[in-house]
Number of protein chains: 2
Amino acid sequence: MVTLKHLAEQLNVSVSTVSKALNDSPEIGKDTIQRVKELAKHLNYQPNKMALSLKSNKTNTLGVIIPDVLNHFFAKALYAIEMEATKQGYNIITCVSNELLSKEENSLQLLSNGSVDGFIMSIAEETQKKNKTEHISRVLDRGLPMVLFDRVCDDLECDKVIIDDFGAAYEATKHLLNEGRKHIVLISDIEKLSVGKLRTNGYLKALQEDASYKQEPVVISVTKADDLEEVVDHLFDSNKNVDGILSVDNTSGVVALHKALKKGYSIPEKLSIIGFSDENVLVFTEPKLSTISQHTFDIGKASVKLMIDRLNQKSKTEHVTTTIKTKLVLRGTTK
Amino acid sequence: MVTLKHLAEQLNVSVSTVSKALNDSPEIGKDTIQRVKELAKHLNYQPNKMALSLKSNKTNTLGVIIPDVLNHFFAKALYAIEMEATKQGYNIITCVSNELLSKEENSLQLLSNGSVDGFIMSIAEETQKKNKTEHISRVLDRGLPMVLFDRVCDDLECDKVIIDDFGAAYEATKHLLNEGRKHIVLISDIEKLSVGKLRTNGYLKALQEDASYKQEPVVISVTKADDLEEVVDHLFDSNKNVDGILSVDNTSGVVALHKALKKGYSIPEKLSIIGFSDENVLVFTEPKLSTISQHTFDIGKASVKLMIDRLNQKSKTEHVTTTIKTKLVLRGTTK
DNA sequence: ATGAAAGCGCTAACAC
DNA sequence: GTGTTAGCGCTTTCAT
């Protein structure tokens with residue numbers, strides 16, 4: 001690795017002269033600057049990142065902790081975060097909590113030693129279930145900024161990026177109601193998560209507000225351990241006259257569509273389906289699934305922006321929560 | 001941030017004493033060690049990562065560059081890499097090349113300044129098409145080790161993790177032949193990639209070796225710009241008597257299955273389909289898609305192991321190529 | 001216009 | 001058993 005010292009020796013000047021020259025200091029003569037820069041380029045000199053960080057106490061690196069890369073939502077958020085961070089001159093260190101509290105604690109702990117300037121994170125399922133926040137507060141107390149996205153925690157004082165989960169589910173349910181649906185079932189594999197509960201509440205609220213809707217709400221909660229296909233099969237068996245399905249997670253909408261078609265439901269004539277899925281599943285559906293689009297890319301991007309803003313201001317300002325708009329995109333599975 | 005200096009001042013000893021005590025040096029008295037460790041724990045002391053790295057010239061961080069996080073194969077590889085790296089005490093800095101040569105060059109350049117101890121990477125599509133390798137050689141020349149996985153380049157002298165792409169496709173084609181299939185079509189959206197070419201060659205070889213197979217091979221190459229569903233529709237229109245489909249990429253097998261069912265093919269009686277897809281798509285298929293399992297998790301894990309081995313040995317040994325076994329998993333879309 | 005020296009936080013060879 | 005010192009690569013204040 002080429003260092004300032006090497007350049008200095010070769011040019012018979014001091015290290016500090018080289019440093020200043022490379023930083024275009026007005027103290028240094030034009031010709032010297034020229035000579036230094038030429039050699040630096042020629043030798044492909046790169047300022048050592050660690051030395052820079054040690055000196056400046058800034059790493060230009062963000063810690064990103066997501067619950068699951070195999071979940072397309074988080075993969076896309078990660079993608080957006082990486083894009084935007086790169087654009088802003090930041091690297092990202094990625095950790096996957098695997099929905100586990102212990103891994104989340106561990107990652108936070110390990111990266112809080114000057115490895116990163118701040119964290120962008122979405123809370124693990126286990127953490128939300130157990131409602132643990134000390135490991136996060138500890139980070140905050142150390143003065144490391146944190147942006148929470150999607151799965152947040154109201155008790156924590158930090159910047160957040162969310163969508164209007166309640167409103168999105170409410171609106172989707174309203175749409176089904178307006179289609180004249182009389183037996184709308186909600187299916188969710190995220191009932192234990194903050195976002196899942198909000199979405200369910202949106203669904204319940206919409207039904208409740210509709211005086212002409214007589215049916216009891218039906219919430220089908222699937223866990224990771226369950227066989228999703230079996231649960232969906234059972235849904236159709238035990239709700240013979242279902243005419244609307246709202247899936248508030250990534251995959252169950254697609255599965256419901258497949259199963260419904262197989263059972264001979266005519267879609268969307270007899271049955272409407274709306275999912276929370278990403279566009280990536282559309283290629284696997286026919287008719288195309290109507291979805292609530294979360295604008296995942298915007299969520300990731302906004303998280304980085306919030307973080308950079310926070311890092312760039314010395315004075316502690318109020319924490320902000322950005323809400324990304326969702327959009328109900330009607331396709332082939334709704335009227 | 002708590003430093004050795006803080007501890008030293010509070011305890012009225014020197015910084016080096018504190019350092020040695022925390023590292024259990026035999027030079028230091030038992031009681032001193034005790035006192036130091038207690039205070040360190042109490043103050044939640046964490047050794048500064050940057051100082052450590054600067055001193056030791058090791059970062060305990062790996063640079064991971066993948067072409068596309070939204071591709072489930074790479075997401076899973078990333079997951080495995082993160083898991084194994086964490087297990088071995090390494091962090092990973094993730095960059096997404098987005099299949100672009102320029103981003104790949106950029107990431108490599110930016111992280112070659114002492115940010116990472118080595119790189120684990122899979123080559124971008126554009127890079128493979130243009131057959132550029134200078135940016136990679138430059139990294140290698142600097143003495144930074146690199147492990148290439150999946151999409152490798154034969155000209156580069158470094159460790160590699162691959163699967164037997166040729167053999168896997170060959171074996172799958174053989175299976176279709178043994179089923180008595182007489183009109184087997186290959187579909188691929190990765191014809192431009194090293195792995196795609198190898199798989200196609202495996203298919204061609206198997207057909208060629210079978211004297212009783214009279215049909216000309218049919219290779220349908222899809223690009224990102226094409227509408228996959230349209231191409232698949234066209235496949236069935238222009239190959240009326242197709243009775244076997246080998247999809248060598250992630251998604252086209254699933255799409256082919258859906259389209260075939262819609263067109264009324266009885267599967268697997270009249271038509272067999274084998275995909276290279278990950279298990280994650282199975283929930284969307286009925287009957288379940290038969291696939292070539294790539295053991296993606298093992299690929300990621302092996303990459304990290306190779307890297308750590310390389311980092312742990314001073315002497316330059318021969319570069320090694322690890323081949324991960326694939327497995328043909330027969331499910332509902334084959335006889 | 002250039003250089004010497006200090007210091008970021010840490011380790012380790014070398015005193016005492 | 002503990003302290004002093006130098007040095008990792010860099011920036012920056014303060015001399016010259």
Side-chain angles (χ1 to χ4, degrees), chain A residues 1-37 39-40 43-61 110-117 142-144, chain B residues 1-40 43-61 89 110-117 142-144:
Chain A
M1 164 154 253
V2 185
T3 67
L4 289 187
K5 203 172 162 186
H6 291 127
L7 300 183
E9 279 165 5
Q10 294 225 16
L11 292 167
N12 276 316
V13 293
S14 75
V15 171
S16 53
T17 302
V18 177
S19 170
K20 287 170 185 164
L22 288 174
N23 291 308
D24 282 312
S25 162
E27 292 181 27
I28 306 295
K30 262 183 102 68
D31 49 334
T32 313
I33 294 189
Q34 182 87 355
R35 289 198 311 140
V36 171
K37 286 198 171 173
L39 185 64
L43 261 42
N44 193 19
Y45 165 78
Q46 298 278 109
N48 182 294
K49 178 83 184 309
M50 298 302 151
L52 247 29
S53 295
L54 181 57
K55 186 76 186 154
S56 66
N57 208 23
K58 310 219 87 265
T59 61
N60 270 271
T61 302
L110 285 176
L111 294 181
S112 295
N113 60 357
S115 291
V116 300
D117 293 338
R142 280 188 170 219
L144 279 173
Chain B
M1 162 154 256
V2 185
T3 67
L4 288 187
K5 203 170 161 187
H6 291 126
L7 300 183
E9 278 165 3
Q10 294 225 18
L11 292 166
N12 276 315
V13 293
S14 75
V15 171
S16 57
T17 302
V18 177
S19 170
K20 287 171 185 164
L22 288 173
N23 291 309
D24 282 313
S25 163
E27 292 180 26
I28 306 295
K30 263 184 100 70
D31 48 335
T32 313
I33 293 189
Q34 182 85 357
R35 290 198 310 139
V36 171
K37 286 198 172 174
E38 247 160 39
L39 185 64
L43 261 42
N44 193 19
Y45 165 78
Q46 298 279 111
N48 182 293
K49 178 84 184 309
M50 297 303 150
L52 247 29
S53 295
L54 181 57
K55 184 78 185 147
S56 66
N57 208 23
K58 310 219 88 263
T59 62
N60 270 270
T61 302
L110 286 175
L111 294 180
S112 294
N113 60 355
S115 292
V116 300
D117 293 337
R142 280 187 170 220
L144 279 172

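Values reported hereafter were calculated over all heavy atoms of this structure, with side chains retained and with hydrogens, waters and symmetry mates removed. So you know, we letter chains A, B, ... as the sequences are listed, proteins then strands, and number each from 1.
- With A/Asp117 contributing its side chain and A/Lys58 its backbone, the two residues share no donor-acceptor pair below 3.5 Å.
- With A/Arg142 contributing its side chain and A/Ser112 its backbone, the two residues share a donor-acceptor pair below 3.5 Å.
- Atom P of nucleotide D/dG1 and atom CD1 of B/Ile33 are separated by 10 Å, given to the nearest angstrom.
- The separation between A/Asn12 atom CG and C/dA1 atom C1' is 16 Å, rounded to whole Å.
- One can place CE of B/Met50 at 16 Å from P of D/dT11, the figure rounded to the nearest angstrom.
- One atom, NZ of A/Lys49, and another, P of D/dT11, lie 14 Å apart when rounded to the nearest Å.
- Contacts of B/Thr32 with the nucleic acid, taken as non-hydrogen atoms under 4.0 Å apart, involve only primed sugar atoms and P, OP1 or OP2.
- Spacing between atom CG of A/Leu54 and atom P of C/dG9 amounts to 7 Å, rounded to whole angstrom units.
- A donor-acceptor pair under 3.5 Å is absent between the side-chain atoms of A/Thr61 and the main chain of A/Val116, judged by distance alone.
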Practice problem: Starting at the 5' end of nucleotides 10-16 of chain C, put B wherever the base has a protein heavy atom under 4.0 Å, S where only the sugar-phosphate does, and a dash everywhere else. | Solution: BBBBB--
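- Between B/Lys37 and B/Asp24 there is a salt bridge, since at least one side-chain N of the basic residue sits less than 4.0 Å from a carboxylate O of the acidic one.
- Between A/Asn57 atom CG and C/dG7 atom P the separation is 17 Å, expressed in whole Å.
- Between the side chains of A/Ser115 and A/Asn113, at least one donor-acceptor pair of N or O atoms lies under 3.5 Å.
- At whole-Å resolution of the value, CG in B/Asp31 and P in D/dG1 are 10 Å apart.
- Atom CG in B/Asp24 sits roughly 14 Å away from atom P in D/dG1 (whole-Å rounding).
- Of the options A/Pro47, A/Ser14, A/Ser19, a side-chain contact (heavy atoms from CB on, under 4.5 Å) to A/Leu4 is made by A/Ser19 and by none of the others.
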